[in-house]
Amino acid sequence: MIVRDLRSKIVGRRILGVQTDWPKYFRLPSSEARFRACITGKVITAVDRRSKNVLISLTGDYLLLIHQKISGRLLVGNWERRSDSQTPHSLWQPVSPPRGSTVPQGRFIHLLFDLDDGRQLGLSDLRKFAKALCGKREVILNRPEIRQLGPEPLDPQFTLARFKQLFAGRKGRIKQMLMNPKFIAGIGNIYSDEILYAAGIHPLSRLTKFQEPQLKALYRSIKTVLKKAVRLRGTGIVGGSAAARAEQGYDKVRMVYQRRECPRGHEIQRIRIGGRSARFCPVEQKLF
DNA sequence: TGCAGTGTTGCTTC
DNA sequence: CGAAGCAACACTGC
């Protein structure tokens, strides 16, 4: 769930309790009991985002950080313990809602926060890579995964001049740089492919070769692709059902990611860069 | 059927 | 220091 949706649903709510079937989520404090003690009874005062970290402000100057990683989705709804014993995906299943209302998505609920309005904040997370941290705001914000983050690409302060500065003295392939959160925050595999297609730049291009025209094209593409993605509420989860993906508008406008052909009919190529797969159009994306 | 592939980091090794 | 490789986990799709 997008942060702006989450904000409208959970700000002002008190957290009554925490349930999980995967205590490894709790990285700080690292024991389930201490995490529960840190969370319980506090009121949610704000929801923000830094890169892909969801930051939930709590009374008493505390912060709950949740990173959804690859397969996590934060949802608001109601879940109940499964009665069947055939241990499928998780211990919980969605409470069947009244006819006509929306079923909370997420078969893979592994973490639940009970809220004081009777609803729950649930983490659906097939691969269980997500993490949750609770602590004093200053402690959380000083952790390396937050402190070392690069600029937010949609921040108005992120100007072309600042973008150019990021290239100074750096080597490597552009695809890997775009996905490096210490370089720019919040660009993952899909959007890096889409940005590079929009800019007409080959993912293996070397940073040292970038001149003014490429820097400008890339900067503009970062802004336009990400703005469109936010407007269309993001992409669906990879591996999710087609129906679940269809609700995420960005799925309809992807140019290269998981497509056979680009919009001009050229066959998409796939290569591996730094352990990730990169999709691109070999005709329209030039190697620098 | 089996195995490559998967909105992401972060640790270890060289 | 940087880069590469891979682990965390479990399912989908070819």
Side-chain angles (χ1 to χ4, degrees), chain A residues 1-3 20-28 30 49-54 65-75 87-91 105-111 123-133 143-150 153 168-196 204 206-208 225-226 228-230 232-254 256-260 268-279:
Chain A
M1 182 173 298
I2 301 170
V3 162
T20 191
D21 59 358
W22 193 251
K24 282 171 79 172
Y25 282 139
F26 305 133
R27 308 291 171 82
L28 187 82
S30 55
R49 180 193 64 77
R50 196 61 186 92
S51 185
K52 291 174 181 170
N53 300 279
V54 178
L65 180 157
I66 296 175
H67 197 302
Q68 308 179 101
K69 295 286 179 87
I70 285 181
S71 62
R73 296 280 294 279
L74 283 167
L75 306 166
T87 59
H89 317 291
S90 87
L91 294 181
Q105 308 160 334
R107 297 143 67 203
F108 308 102
I109 294 291
H110 293 295
L111 177 60
L123 177 72
S124 176
D125 184 25
L126 184 151
R127 292 176 75 183
K128 298 196 269 196
F129 285 180
K131 67 176 181 183
L133 282 64
R143 288 180 56 93
E145 64 261 50
I146 299 293
R147 212 187 51 233
Q148 295 176 8
L149 282 177
R170 288 190 185 252
K171 294 186 288 187
R173 313 280 194 184
I174 186 60
K175 163 88 171 169
Q176 287 171 285
M177 292 309 289
L178 285 180
M179 291 203 305
N180 183 348
K182 293 173 187 170
F183 179 67
I184 305 178
I187 299 178
N189 204 21
I190 295 178
Y191 295 133
S192 63
D193 281 354
E194 297 297 323
I195 288 165
L196 288 168
L204 285 173
R206 301 220 168 249
L207 300 183
T208 51
V225 166
L226 294 181
K228 194 197 294 182
V230 170
L232 296 175
R233 321 180 68 72
T235 73
I237 260 191
V238 169
S241 70
R245 280 219 309 269
E247 292 194 13
Q248 311 291 126
Y250 194 81
D251 216 55
K252 300 178 185 68
V253 299
R254 281 184 286 108
V256 287
Y257 182 82
Q258 284 195 350
R259 287 185 55 141
R260 199 178 65 79
I268 298 299
Q269 260 188 33
R270 196 170 77 179
I271 55 174
R272 287 197 88 73
I273 305 177
R276 306 298 300 277
S277 71
R279 277 88 164 184

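Protein chains get the first letters and strands the later ones, always in sequence-line order, with residue 1 at the start of each.
A search for side chain to side chain donor-acceptor pair (under 3.5 Å) contacts involving Arg170(A) returns nothing, not counting sequence neighbours. For Ser277(A), the side chain to side chain contact (heavy atoms under 4.5 Å, CB included) test picks out Asn189(A), Arg270(A), Arg272(A), Arg279(A), with sequence neighbours left out. In this structure, Lys128(A) has no side chain to side chain donor-acceptor pair (under 3.5 Å) partners at least two apart in sequence or on a different chain. For Phe183(A), the ring pair (Phe, Tyr, Trp, His ring centres under 6.0 Å) test picks out Phe167(A), with sequence neighbours left out. Applying the side chain to side chain contact (heavy atoms under 4.5 Å, CB included) test to Ala278(A) and every residue at least two apart in sequence or in another chain returns Lys175(A), Asp193(A), Pro203(A), Ile271(A), Ile273(A). Contacts of Arg143(A) classified as salt bridge (charged side-chain N to carboxylate O under 4.0 Å, His left out), with partners at least two apart in sequence or in another chain: Glu145(A). In terms of the side chain to side chain donor-acceptor pair (under 3.5 Å) criterion, Arg27(A) has no residue partners (sequence neighbours excluded). In this structure, the salt bridge (charged side-chain N to carboxylate O under 4.0 Å, His left out) partners of Arg50(A), at least two apart in sequence or on a different chain, are Glu152(A).
Between Arg107(A) and dC11(C) there is no side-chain N or O to OP1 or OP2 distance below 4.0 Å. Look at Arg276(A) and you'll find a side-chain N or O under 4.0 angstrom from OP1 or OP2 of dT8(B).
A gap of 27 Å separates the P atoms of dT1(B) and dC9(C), to the nearest Å. Of the P atoms belonging to dT9(B) and dT12(C), the separation is 24 Å, rounded to the nearest Å. dA3(C) and dG7(B) have their C1' atoms separated by 24 Å, with the value rounded to a whole Å. For the P atom pair drawn from dA8(C) and dG2(B), the interatomic distance equals 23 Å after rounding to whole Å.
Remark: P of dC1(C) and NZ of Lys171(A) are 15 Å apart, rounded to the nearest angstrom. To the nearest angstrom, P of dC11(C) lies 12 Å from CG of Asp125(A). Computed from coordinates, the Ile70(A) CD1 to dA10(C) P distance equals 14 Å when rounded to whole Å. Straight-line distance from the CG atom of Leu126(A) to the P atom of dT6(B): 15 Å, rounded to whole Å.
Counting heavy atoms from C-beta on, the side chains of Asp125(A) and Gln68(A) never come closer than 4.5 Å.
Nearest to the side-chain atoms of His67(A) among the listed nucleotides dT9(B), dC11(C), dA4(C) stands dT9(B). Comparing dC11(C), dC9(C), dT8(B) by their closest approach to the side chain of Lys24(A) singles out dC9(C).
As judged by a 4.0 angstrom heavy-atom cut-off over every strand, Gly275(A) is placed among residues making no nucleic acid contact.
Sequence order on DNA chain B of the closest nucleotides to Arg127(A) and Pro181(A) puts Arg127(A) first from the 5' end.
Distance alone, capped at 3.5 Å, is enough to place a donor-acceptor pair between the Thr20(A) side chain and the Trp22(A) backbone.
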All N/O contacts under 3.5 Å from nucleotides 10-14 of chain B to the protein, with atom names and distances to one decimal?
| unit_1 | atom_1 | unit_2 | atom_2 | d |
| --- | --- | --- | --- | --- |
| dG10(B) | OP1 | Lys131(A) | NZ | 2.6 |

Tabulated below should be each protein N or O lying under 3.5 Å from an N or O of nucleotides 3-5 of chain B; please produce it.
| unit_1 | atom_1 | unit_2 | atom_2 | d |
| --- | --- | --- | --- | --- |
| dG5(B) | OP1 | Arg270(A) | NH2 | 3.2 |

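Ser90(A) approaches His110(A) most closely through the heavy-atom pair CB-CE1, 3.8 Å.
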What does the 5'-to-3' dot-bracket notation of DNA chain C look like when only Watson-Crick and G-U wobble pairs under 3.5 Å count, and pairs to other strands show as |?
.|||||||.|||||
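A stacked arrangement is not assigned to Tyr191(A) and the six-membered base ring of dG7(B), the conditions of a centre distance below 5.5 Å and an interplanar angle below 30° not being jointly met.
Residue pairs meeting the salt bridge (Lys or Arg N to Asp or Glu O under 4.0 Å) criterion with at least one member in residues 180-192 of chain A, sequence neighbours excluded, do not occur.
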